[in-house]
Amino acid sequence: MSTPAGGWQVHRLVPSGTEGAPDADTATWIRAMSAAFLGGRPTPETIAAQASMMAGQRLRGVYEPGDTAPVATLRSWDARMSVPGGEVAADAITSIGVRSTHRRRGLLRAVLVDDLAEASRAGTPVAALTSTQGSLYERFGFGLATWTRALTVDTHAATFRDPDPTGRLRTLDPAGFAAASAPVQDRARRRHPGSIDRSAASWNALVTGGVYDDSPRYAIGWSDATGRPAGYVVYGVAEGWWSTGSARIAVHDLQATTPESYRELWRHLCSLDLVGTVSWSDASVDEPLPWLLADPRAVETGTSREMLWLRILDVPAAFGARRYPVTERIVLAVDDPAGYAAGTWLLDAGDPVEPKVVATTAEPDVALDAAALGSVYLGGVDPRVLARAGRLSERTPGAAGRLARLLAAPSVPWNGIRF
Ligand SMILES: CC(=O)SCCNC(=O)CCNC(=O)[C@H](O)C(C)(C)COP(=O)(O)OP(=O)(O)OC[C@H]1O[C@@H](n2cnc3c(N)ncnc32)[C@H](O)[C@@H]1OP(=O)(O)O
């Protein structure tokens, strides 16, 4: 239990991991969280399913004297996030909800400050979240770092330039899906900085639809000529075929470790009987799909949506975990009232295999705040754009451009898992 600024006492709970028998505190926490997200009153079955998904994770709650239900909730767990040339441990944060009668009294602040402090004590270099609103988390040092883009395919217009299917497709059984697909996701996600690994809970929800969506889902895997699994797609029916004769299916995840697996999974989706449209709301902003088709107009891309917000908790550990495309030395002055990233740091990528990130007394080349640091970390936000917005200042001429080249990512940062 801790008492941060504002006087609220934040309690930590260890959620019950036994399906069918959540403990009373976990069940009450789930009801409170659901109400804060306008989710109504969950059934005992829903509560049991959610509790089992939270096994091994951290729950936080703020309680008023004499009340067993929390007035504020937060859930977090230890995740892995890909970064250019490697990966980093991340504190994944979700389910921040405050009872409607208790909003704007500092409760979000209390639970989040408490969680970040614990993650920092545990040595976790980065915190990550996806948000319901755009204006909440910058004040806590989180910067917007990745986006997704919706795409919609008219399957009748989608003719593949390469006409011959290769490899082997098979239906994946929900029971064995996570075990079969986790290694594939692990390889695939390293192709995109910012990609978070799936928790056990999230694998289960992916194939079952979780507690919010009980419509059927289909999981298809693709293996290459040697039999090695190289990709999978999970999709569900968003609109049935019975009224129009042409269904719309929604992709919930598609991970491909090779161009061939990507092409064959999309060929499968575009050839499904009774289907006229395939949509994917959280695709990468640089999907290669239009380049696979004779007519790229078969793919309509929508507007991009913000996805991952990142908060650097340990500058040397976070920036030391990634690799850099050029040899460069830059000094960053970071303003961070919470203290985690505050200081003047030499980012020395003179040795491409072992970059050095150390506190320095040297004059800074660039000054920025913690949120801007989180935004540029993966290479998905150009420091020159932040400079033009007044969010980063150059202390030596051309430093924002040098920083842009140093932090450039080998591929567009993307995380397809909203949490
Ligand atoms: C990672 C996630 O879980 S994202 C999910 C966020 N949760 C939801 O959307 C569920 C519904 N909403 C809620 O539960 C609550 O209204 C919350 C969580 C958004 C805010 O909780 P509160 O306890 O009211 O926030 P709190 O009082 O701690 O405010 C902290 C700061 O954020 C600001 N703030 C809070 N809500 C908002 C908002 N909706 N828009 C803009 N600013 C906001 C406050 O003004 C305060 O600003 P300050 O730093 O200048 O003092």
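Each ligand, and each atom within it, is numbered from 1 in the order the structure gives. For the single chain, residues carry numbers from 1 onward in sequence order.
The residues Arg149 and Asp282 are annotated as not salt-bridged, no charged nitrogen and carboxylate oxygen being separated by less than 4.0 angstrom. The pair Asp114-Arg12 counts as a salt bridge, with a side-chain nitrogen and a carboxylate oxygen less than 4.0 angstrom apart. For the pair Asp115 and Arg60, the salt-bridge criterion is met [side-chain N within less than 4.0 Å of a carboxylate O]. The existence of a salt bridge linking Asp382 and Arg405 is excluded, since no basic side-chain nitrogen approaches an acidic carboxylate oxygen closer than 4.0 Å.
Not a single N or O atom of Ser131, backbone or side chain, sits closer than 3.5 Å to an N or O atom of ligand 1. Checked against a 3.5 angstrom limit, the closest N/O atoms of Val98 and ligand 1 fall inside it. Considering backbone and side-chain N/O atoms, Ser95 comes within less than 3.5 Å of an N/O atom of ligand 1. Considering backbone and side-chain atoms alike, Ile96 places an N or O below 3.5 Å from some N or O of ligand 1. For ligand 1, the polar-atom distance check against Thr94 finds no nitrogen or oxygen pair separated by under 3.5 Å. For ligand 1, the polar-atom distance check against His102 finds no nitrogen or oxygen pair separated by under 3.5 Å.
Remark: aromatic rings of Trp77 and Phe419 are close, center separation under 6.0 Å.
The nearest non-hydrogen atom to atom 21 (O) of ligand 1, considering only Thr73, Leu108, Leu38, Val71, comes from Leu108.
The closest donor-acceptor contact from the side chain of Arg217 to the backbone of Leu206 lies under 3.5 Å.
The proximity of Arg139 to ligand 1, defined as any non-hydrogen pair under 4.0 Å, is limited to the side chain. Contacts between Arg105 and ligand 1, counted as non-hydrogen atom pairs separated by less than 4.0 Å, involve the backbone only.
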Step-by-step salt bridge (Lys or Arg N to Asp or Glu O under 4.0 Å) determination, Arg395 to Asp365: CA-CA 5 Å; Arg395 298 286 173 81; Asp365 298 301; over 6 Å; no
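Close approach to Gln133 involves these atoms of ligand 1, each under 4.0 Å from a residue heavy atom: 9 (O), 19 (C), 38 (C), 39 (N), 40 (N). In the vicinity of Thr130, heavy-atom distances shorter than 4.0 Å reach the ligand 1 atoms 1 (C), 2 (C), 4 (S). The ligand atoms of ligand 1 that sit less than 4.0 angstrom from a heavy atom of Gly106 are 26 (P), 27 (O), 28 (O). Atoms of ligand 1 found under 4.0 Å from any heavy atom of Ser135 (numbered from 1 in listed order, with element): 40 (N), 41 (C). Residue contact check: Arg109 has heavy atoms under 4.0 Å from atoms 28 (O), 48 (P), 49 (O), 51 (O) of ligand 1.
Inter-residue side-chain proximity for Leu332 and Thr344 is flagged as unmet; no heavy-atom pair is nearer than 4.5 Å. The side-chain heavy atoms of Arg31 and Arg41, taken from C-beta on, include a pair separated by under 4.5 Å.
Of the protein's heavy atoms, at least one falls inside 4.0 Å of atom 49 (O) of ligand 1. Atom 29 (O) of ligand 1 is not flagged as protein-proximal [any protein heavy atom, distance under 4.0 Å].
Considering Leu392, Leu368, Leu386 in turn, Leu368 is the only one that fulfils the side chain to side chain contact (heavy atoms under 4.5 Å, CB included) rule with Leu373.
Not a single heavy atom of Leu74 sits closer than 4.0 Å to an atom of ligand 1.
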